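The structure appears right after this line, and notes come after that.
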Amino acid sequence: MSTRIKGISLYKNILRAHARYLPHEMKQLGDAYVKAEFRLHTKAQPEQLEGFFAEWDKYLIHVERTGREKQLVDAALIDAAPQQQHGNNANQTINRKKGFGQDVSGDVPFNDEQKEQLQNLREEAINAAKK
């Protein structure tokens with residue numbers, strides 16, 4: 001699949017996931033952020049796009065998984081109790097009750113890049129609320 005086609009497909013899938021799983025305000029913010037990021041990478045080199053697409057693929061999987069779990073909890077098809085997550089760390093647990101729009105506890109460590117991204121996201125949210 002060509003890089004351009006893969007990018008367009010990924011972009012559309014992310015916007016569809018936002019429409020399906022995110023609350024309206026978060027959808028607007030998420031769509032604006034995705035559009036801006038993909039616009040910034042239109043002239044990126046193929047080796048840069050590989051990592052860019054990989055990270056957005058992870059994001060898409062996260063949005064879909066979290067959204068589906070929330071739908072199942074809301075429909076009372078699964079318990080909201082924590083369950084074991086199989087994978088790299090067998091002791092790691094997920095709380096199916098947590099989803100989008102939850103506050104992050106103060107004891108979560110962030111690196112400088114994550115702090116910068118959170119600050120940018122905060123500024124975008126403030127700007128979006130003003131419009």
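As the structure is a prediction and not an experimental result, all values here were calculated from the model.
Through side-chain heavy atoms spaced under 4.5 Å, either directly or across other Ile, Leu, Val, Met, Phe, Trp or Tyr residues, Leu29 is tied to Leu121.
Partners of Arg20 by side-chain hydrogen bond (donor to acceptor under 3.5 Å, both in side chains), not counting sequence neighbours: none found. For Asp31, the salt bridge (Lys or Arg N to Asp or Glu O under 4.0 Å) partners two or more places apart in sequence, or in a different chain, are Lys27. The side chain to side chain contact (heavy atoms under 4.5 Å, CB included) search around Arg39 returns Lys35, not counting sequence neighbours.
Summarising the geometry, atom OH belonging to Tyr21 is positioned 5.5 Å from atom CD belonging to Gln71; distances are rounded to the nearest 0.5 Å. Atom CG in Leu22 sits 11.0 Å away from atom NZ in Lys70 (nearest 0.5 Å). Distance check: Glu37 CD to Thr42 OG1 gives 11.5 Å after rounding to the nearest 0.5 Å. The CG atom of Leu10 lies 9.5 Å from the CG atom of Leu15; values are rounded to the nearest 0.5 Å. To the nearest 0.5 Å, atoms CZ (Arg65) and CG (Leu60) are separated by 10.5 Å.
You'll find the ring centres of Tyr59 and His18 inside the 6.0 Å limit.
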Under 3.5 Å, side-chain donor or acceptor atoms of residues 49-56 against the rest of the protein: list the pairs with distances, not counting sequence neighbours.
from  : atom 1 : to    : atom 2 : distance (Å)
Glu55 : OE2    : Lys58 : NZ     : 3.2

Would you give me the side-chain donor-acceptor pairs under 3.5 Å for residues 108-119, sequence neighbours excluded?
from   : atom 1 : to     : atom 2 : distance (Å)
Asn111 : OD1    : Glu113 : N      : 3.0
Asn111 : OD1    : Gln114 : N      : 2.7
Gln114 : OE1    : Asn111 : N      : 2.9
Gln119 : NE2    : Glu123 : OE2    : 3.1

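The minimum heavy-atom distance between Val34 and Ile14, with the atom names listed, is CG2-CG2, 3.6 Å.
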